[in-house]
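As a basis for the values below, the full set of heavy atoms in this structure was taken, side chains included, without hydrogen atoms, waters or symmetry mates. In what follows, every chain begins at residue 1, and chains take the letters A, B, ... in the order their sequences are listed.
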Amino acid sequence: MTVKGQCADRQTLTEWFELHGRDLPWRHSRDPWTILISETMLQQTQVVRVVERLGPFMERFPSPEAMAAASAGDVITEWSGLGYNRRAVALHRTAQAIYELHGGVVPSALADLLALPGVGPYTARAVRVFAFELDDAVVDTNIGRVLARWENRSLKPAEAQDFANSLVRRGGAWIWNQSIMELGALLCRPQPHCAACPVSRDCGWFLAGQPTPDPASRTAGVTTGQSRFEGSDRQGRGRLMRHLARQDVDEANLDDAMGWPGDPARADRVVQGMVTDGLVERLGTSYRLPA
DNA sequence: ATCCCGCCGT
DNA sequence: ACGGCGGGAT
């Protein structure tokens, strides 16, 4: 593709975003702490669910210092219902690290961000792009899917990141990353709506007739289907967290609390993992949220 | 049943 | 590279 073509497509896409992009709360913020929180929430939790929880969460923990002063259990409680509670524990540890290592100021250096618990390649760059407006490129599941279809081939992690980097213009990273991510979220979905896509005329996969397998399917960063939730260890973990939000649970009642009556062995095995994850503490014969 | 602005330990 | 990790909405 020509450089001229790339410029045309880029402008087409950002114009589409200005017109059709969703008005999401965090897109009005450039506060690094707010962006770090929202991006952490958005790791595998849907946008509509984060929208209604971000405000109250930020009121409870308005700064890294405020969260660092709270207990891990407090953060978990405020996190309740968002799922993958390890993220709440990681966030608490990250707040403490920011307070102790960076004077309470969210760092902007990639290496500093990547060193924070629960902050990986996506979230680190998201903070840099969406808060500090630095010229980086993020690759999430949406963008990975768009890029793979655009090139009509599966991309390895480094390939996807390099390709994404090459598309960013100086000073235009915020709007570009939002635009291409929004395209993946609204149109270039797992089941794509190519008829409404503003850049389909230059999309390799579309022009090839959308052959199977979808090149996005084996591309790095594109999430795949997960194992069944009903009857899983995850379900039992979730049940126990919900109980602990109200009161401590004695080890004798653990199997009931986790929804596995008569299977204390399983309850014990799974709760061990939760202790390792920092989600629960054992005190005497009972379990509670971490102090 | 499927999907969701990933990260981490293996 | 792969599997575990919540939970609600459709």
Side-chain angles (χ1 to χ4, degrees), chain A residues 17 21-22 24-27 35-54 76 79-91 93-94 113-131 136-147 154-158 160-161 164 174 176-186 188-192 216-245 258-259 269-270 272-274 276-279:
Chain A
F17 172 74
R22 293 165 294 181
L24 302 173
W26 48 91
R27 288 181 176 161
I35 299 300
L36 180 55
I37 301 284
S38 61
E39 292 298 344
T40 301
M41 287 183 172
L42 288 162
Q43 295 170 8
Q44 293 288 276
T45 296
Q46 279 133 315
V47 165
V48 289
R49 297 174 55 200
V50 173
V51 166
E52 52 192 26
R53 297 297 300 277
L54 181 62
I76 292 171
W79 188 269
S80 170
L82 286 170
Y84 293 152
N85 298 290
R86 292 192 296 199
R87 291 181 294 168
V89 176
L91 208 44
R93 290 174 180 160
T94 276
L113 287 163
L114 288 172
L116 298 171
V119 177
Y122 168 77
T123 306
R125 290 177 174 83
V127 169
R128 285 168 57 78
V129 172
F130 298 137
D136 269 2
V138 297
V139 178
D140 73 321
T141 185
N142 292 310
I143 294 176
R145 198 166 50 238
V146 171
L147 297 180
S154 297
L155 305 174
K156 295 171 181 173
Q161 184 67 57
W174 191 96
W176 171 250
N177 280 281
Q178 293 286 8
S179 298
I180 189 170
M181 198 183 317
E182 193 77 334
L183 183 73
L186 296 184
C188 197
R189 301 171 56 78
Q191 299 299 322
S217 62
R218 266 168 281 155
T219 286
V222 176
T223 50
T224 59
Q226 295 176 338
S227 54
R228 177 187 190 82
F229 177 65
E230 189 67 28
S232 68
D233 287 358
R234 266 177 17 246
Q235 185 179 36
R237 287 169 59 112
R239 289 200 191 100
L240 179 57
M241 294 308 291
R242 202 157 50 235
H243 278 95
L244 291 177
M258 301 185 88
R269 170 179 65 78
V270 172
Q272 289 305 336
M274 298 179 71
T276 300
D277 287 342
L279 291 172

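- Side chain Thr45(A) to base dG6(C): a donor-acceptor pair is found below 3.5 Å.
- dA1(C) is paired with dT10(B) under the Watson-Crick or G-U wobble criterion, all donor-acceptor distances under 3.5 Å.
- The environment of CZ in Arg22(A) is crowded: more than 12 heavy-atom neighbours from other residues, nucleotides or ligands sit within 6.0 Å.
- Residue Pro157(A) places its side chain closer to dA1(C) than to any other of dG7(C), dA1(C), dG6(B).
- Whole-Å rounding puts the Met241(A) CE to dG6(C) C1' distance at 11 Å.
- Scanning both residues, Trp79(A) and Tyr84(A), for their nearest heavy atoms gives NE1-O, 3.9 Å.
- When each of Leu42(A), Leu36(A), Ile37(A) is tested with Thr40(A) by the rule side-chain contact (heavy atoms from CB on, under 4.5 Å), just one qualifies, namely Leu36(A).
- Going from atom CH2 of Trp79(A) over to atom C1' of dG7(C) covers 13 Å, rounded to whole Å.
- Using a 4.0 Å heavy-atom distance criterion, Val119(A) is classed as a sugar-phosphate-only contact.
- Within 4.0 Å of Ser232(A), counting heavy atoms only, lies no atom of the nucleic acid at all.
- With dG6(B), dG4(C), dC5(B) as the choices, the nucleotide that has an atom nearest any side-chain atom of Arg86(A) turns out to be dG4(C).
- With contacts defined as side-chain heavy-atom distances shorter than 4.5 Å, the pair Val51(A)/Pro25(A) qualifies.
- For the pair Glu230(A) CD and dG7(C) P, the computed distance is 12 Å after rounding to whole Å.
- Of the candidates dC4(B), dC5(B), dG7(C), dG7(C) carries the atom nearest the Phe229(A) side chain, counting heavy atoms from C-beta on.
- Taking only side-chain atoms of Gln46(A), from C-beta outward, the nucleotide of dC5(C), dG7(C), dC7(B) with the closest atom is dG7(C).
- The nearest whole Å value for the distance from the CZ atom in Arg218(A) to the P atom in dC2(C) is 11 Å.
- In the set dC7(B), dC3(B), dG6(C), dC7(B) carries the atom at the smallest distance from any side-chain atom of Gln43(A).
- Per the geometry, CZ belonging to Arg234(A) stands 13 Å off P belonging to dG8(C), to the nearest Å.
- In this structure, Arg237(A) and Lys156(A) both approach DNA chain C, and ranking their closest nucleotides by distance from the 5' end singles out Lys156(A).
- No donor-acceptor contact under 3.5 Å links the side chain of Arg87(A) to the base of dG6(B).
- Distance from the side chain of Gln178(A) is smallest to dC5(B) among dC7(B), dG6(C), dC5(B).
- Nucleotides of DNA chain B nearest to Arg22(A) and Gly118(A) differ in position, and the one nearer the 5' end is that of Arg22(A).
- Note: CZ (Arg242(A)) to C1' (dG8(C)) measures 11 Å, nearest angstrom.
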Using atom types as modelled, flag every donor-acceptor pair under 3.5 Å from a side chain in residues 236-244 of chain A to any protein atom, sequence neighbours excluded.
{"residue": "Arg237(A)", "atom": "NH1", "partner": "Asp277(A)", "partner atom": "OD2", "Å": "3.3"}
{"residue": "Arg237(A)", "atom": "NH2", "partner": "Asp277(A)", "partner atom": "OD2", "Å": "2.9"}
{"residue": "Arg239(A)", "atom": "NH1", "partner": "Met258(A)", "partner atom": "O", "Å": "2.8"}
{"residue": "Arg239(A)", "atom": "NH2", "partner": "Gln235(A)", "partner atom": "OE1", "Å": "3.4"}
{"residue": "His243(A)", "atom": "ND1", "partner": "Arg239(A)", "partner atom": "O", "Å": "3.0"}
{"residue": "His243(A)", "atom": "ND1", "partner": "Ala257(A)", "partner atom": "O", "Å": "3.3"}

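- Interface remark: the Gln226(A) side chain does form a donor-acceptor pair with the dC4(B) base, using a distance-only criterion of under 3.5 Å.
- Considering only the side chain of Arg49(A), dG8(C) comes nearest among dG8(C), dC5(B), dC5(C).
- Atom CG of Leu279(A) is separated from atom P of dG6(C) by 7 Å (rounded to the nearest Å).
- Using a 4.0 Å heavy-atom criterion, one finds that Gly225(A) contacts no nucleic acid atom at all.
- Counting any heavy atom pair closer than 4.0 Å across all strands shown, Asn85(A) reaches sugar-phosphate atoms only and no base atom.
- The CG atom of Leu91(A) sits 16 Å away from the P atom of dG6(B) (whole-angstrom rounding).
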